[in-house]
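Reading through the structure tokens given below for one structure.
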Amino acid sequence: MTEARAEPRKRPVPFRGGGFRPETRRGLGAVVLIGLLLVIEWGVAAGWISPLTLPRPSDVIATFGALHETGMLYAHLFPSLSRLFMGALIGVSAGIAVGFMIGLFTYARAGLVPLVAALFPVPKIALLPLFVIWFGIDEASKYALIAFGTFTPTVVATYGAVDNVDRTLIRMGQSFGLSWWSITRKIVLPGAMPGILSGLRISLAIGIILLVAAEMLGATHGVGAYILEAGSLYDLERLFAGVTILSVLGIIVSAGIGRIERRLLRWRV
Amino acid sequence: MELSVERLSHGYGDVEVLSDIDLRIPQGRVLCIVGPSGCGKSTLLRLIGGLERPGRGAVMQIGQPPADCLNPLTFIFQDFALLPWRSVADNVSLVLEDHRLGRAARARIVADVLARTRLSDFAGALPRQLSGGMKQRVAIARALAVNPAVMLMDEPLSALDAQTRELLIDDLIALWTRQPFTAVYVTHNLSEAVRLGHEIVVLSRRPGRIRESVTIDTPLAERDMADAELERRQKHLWALMRDEARAADAELIDD
Ligand SMILES: Nc1ncnc2c1ncn2[C@@H]1O[C@H](COP(=O)(O)OP(=O)(O)OP(=O)(O)O)[C@@H](O)[C@H]1O
Ligand SMILES: [Mg+2]
């Protein structure tokens, strides 16, 4: 009966918590990206990736250098940025305004929700020829396309966010006799901000896609035109240089919104 | 200013929630409303505060609120209803911003009510950094800031633990003793009711009617938990409530 007399075995309670809460690790994203590029570089140099399928990343970087030196990088980048900025500005501000109206007014909701639902799934690129007729071949039609494309997702995100604002806070505002305008500005708007900002991420990504599409269909300068030209010449280095610009644009936009979120939503638990 | 509730009835759809309520809310006194869950206490308070339109009858305001009163009927909510993106001081200042007060006057009021609720050290904190009891004190400070003629409190202490509740009851009694305010205080906690109420109204199960009204004359500051008289009152109220709650349960079984 030695076993019965032995001390009961002692061991720590197994840990089962943790997880489900990803944290940001600074620089890890860059490590993944650079690692991938190094593998491709090595693959193309060693010959197990055909140079017809992928360019060497170092060649793409060299192309960037040339683009920068000739000034063509900026000749393409600035028109694209201004189109994206103008189009998204119009689309997002109109979208937030309409989203608020749908979120706050019965008649706007009844009248506009079906309309937005009808517009949302229409591929906006298909409407570019129409926009060219309406707004001309110049910048205006490109603004319109990007504005239209960012408008619908912003509306849907905004009115969803307004619907989700804590009603007890609004009732509190009313019980203290705050004006309608105060309640909207000081309670509904900040309360809807998290939803609006996460909608903005999607809207702006759609904006970048539409920017390229518009520039492919009718522009001499712009990242989209540059990519189209490179593609038709099967110039892989330049094609990938163009794609890289778009990716960087995407990263900058997403990081920018992340910054705004950290700033405006510090109050969140 | 006094309030009187006259022959008030209210329902949602086919469900009658309140039936024939007559109440008088005299100035400088705390009226407690108790009753079984779902009997319409919160609804009654919303009707009194003008957040909902009565189905029948009316809530009347007798006399004028004092001149420096910014919001005559002021609520204190069970879940505090603080704006999470504003600091303590800004949450209080929110309800003053719609009034022409001037920056200095507003800052003075905010500082005064935060001092009265012992929150001066937390003026810059966000709600998420506060304990439940402190959050409710912020809500009380916010209510005091508008100098209400009548405070409408819907189970203000129900979200708090027992110790915090005791401390806040003491706070409320101290506030009232220093400057008597008029209040309607909804609760289902009878010991709160007998400690804070000058008059306690018991509502019946739904549809809520006034079952009985009890007046307690002991001054608020002199009531302590061991008081035999209060004990007796509380037992009596509990007997009434228990009957109603039992009957409400039996109804559910019969259905
Ligand atoms: N907006 C509403 N629409 C429909 N029914 C409602 C509404 N508000 C309350 N009710 C119903 O009215 C009845 C009374 O609700 P009320 O919240 O006033 O009760 P209460 O006495 O405050 O209950 P509790 O003690 O649980 O807080 C309940 O049966 C509830 O379902
Ligand atoms: Mg209630």
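Order of the sequence lines sets the chain letters (A, B, ...), proteins ahead of strands, with each chain counted from 1. Note that the coordinates shown come from a computational prediction; the quantities given were computed from them, not determined experimentally.
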Calculate, to the nearest 0.5 Å, the distance between atoms CG and CG belonging to Leu169(A) and Leu94(B) respectively.
10.0 Å
Using non-hydrogen atoms and a 4.5 Å limit, figure out which bit of Leu73(B) sits close to chain A: side chain, backbone, both or neither.
backbone
Between Gly49(B), Ala139(B), Ala81(B), the one whose heavy-atom pairs under 4.5 Å with chain A are most numerous
Ala81(B)
Could you tell me which portion of Leu264(A) (side chain, backbone, both or neither) has an atom closer than 4.5 angstrom to a non-hydrogen atom of chain B?
neither
Which distance, rounded to the nearest 0.5 Å, do you find between the CZ of Arg201(A) and the CD1 of Ile260(A)?
9.5 Å
Taking all heavy atoms of Cys32(B) and all of Gly197(B), pick out the closest pair and write down the distance.
SG-CA, 3.6 Å
Sidechain N-carboxylate O distance under 4.0 Å for Arg21(A), Glu23(A)
no
Check each atom of Val146(B) against the heavy atoms of chain A and say whether the ones under 4.5 Å are side chain, backbone, both or neither.
side chain
Taking the inter-plane angle between the rings of Phe77(B) and Phe75(B) on a 0 to 90° scale, is it parallel (under 30°), tilted (30 to 60°) or perpendicular (over 60°)?
parallel
Taking C-beta and beyond as the side chain, do Phe85(A) and Ile146(A) meet within less than 4.5 Å on heavy atoms?
no
Between chain A and chain B: donor-acceptor pairs at under 3.5 Å:
unit_1    : atom_1 : unit_2    : atom_2 : d
Ser175(A) : O      : Asn71(B)  : ND2    : 2.9
Ser179(A) : N      : Asp98(B)  : OD2    : 2.7
Ser179(A) : OG     : Asp98(B)  : OD2    : 3.3
Ser182(A) : OG     : Asp98(B)  : OD1    : 2.6
Ser182(A) : OG     : Asp98(B)  : OD2    : 3.1
Lys186(A) : O      : Trp85(B)  : NE1    : 3.3
Lys186(A) : NZ     : Glu97(B)  : OE1    : 2.8
Arg266(A) : O      : Arg128(B) : NH2    : 2.7
Trp267(A) : O      : Arg128(B) : NE     : 3.1
Arg268(A) : O      : Arg128(B) : NE     : 3.4

If you count heavy-atom pairs under 4.5 Å between each of Leu51(B), Leu70(B), Leu126(B) and chain A, which one has the most?
Leu51(B)
Where on Leu152(B) is there a heavy atom nearer than 4.5 Å to chain A: the side chain, the backbone, both, or neither?
neither
Pair Arg9(A)-Glu7(A), salt bridge (charged side-chain N to carboxylate O under 4.0 Å, His left out): steps then yes or no:
CA-CA 6 Å; Arg9(A) 204 155 73 84; Glu7(A) 279 274 300; over 6 Å; no
side-chain contact (heavy atoms from CB on, under 4.5 Å), paired with Leu204(A), selected from Thr154(A), Ile257(A), Leu84(A):
Ile257(A)
Nearest-0.5 Å distance that lies between atom CG in Leu37(A) and atom OG1 in Thr244(A)
8.0 Å
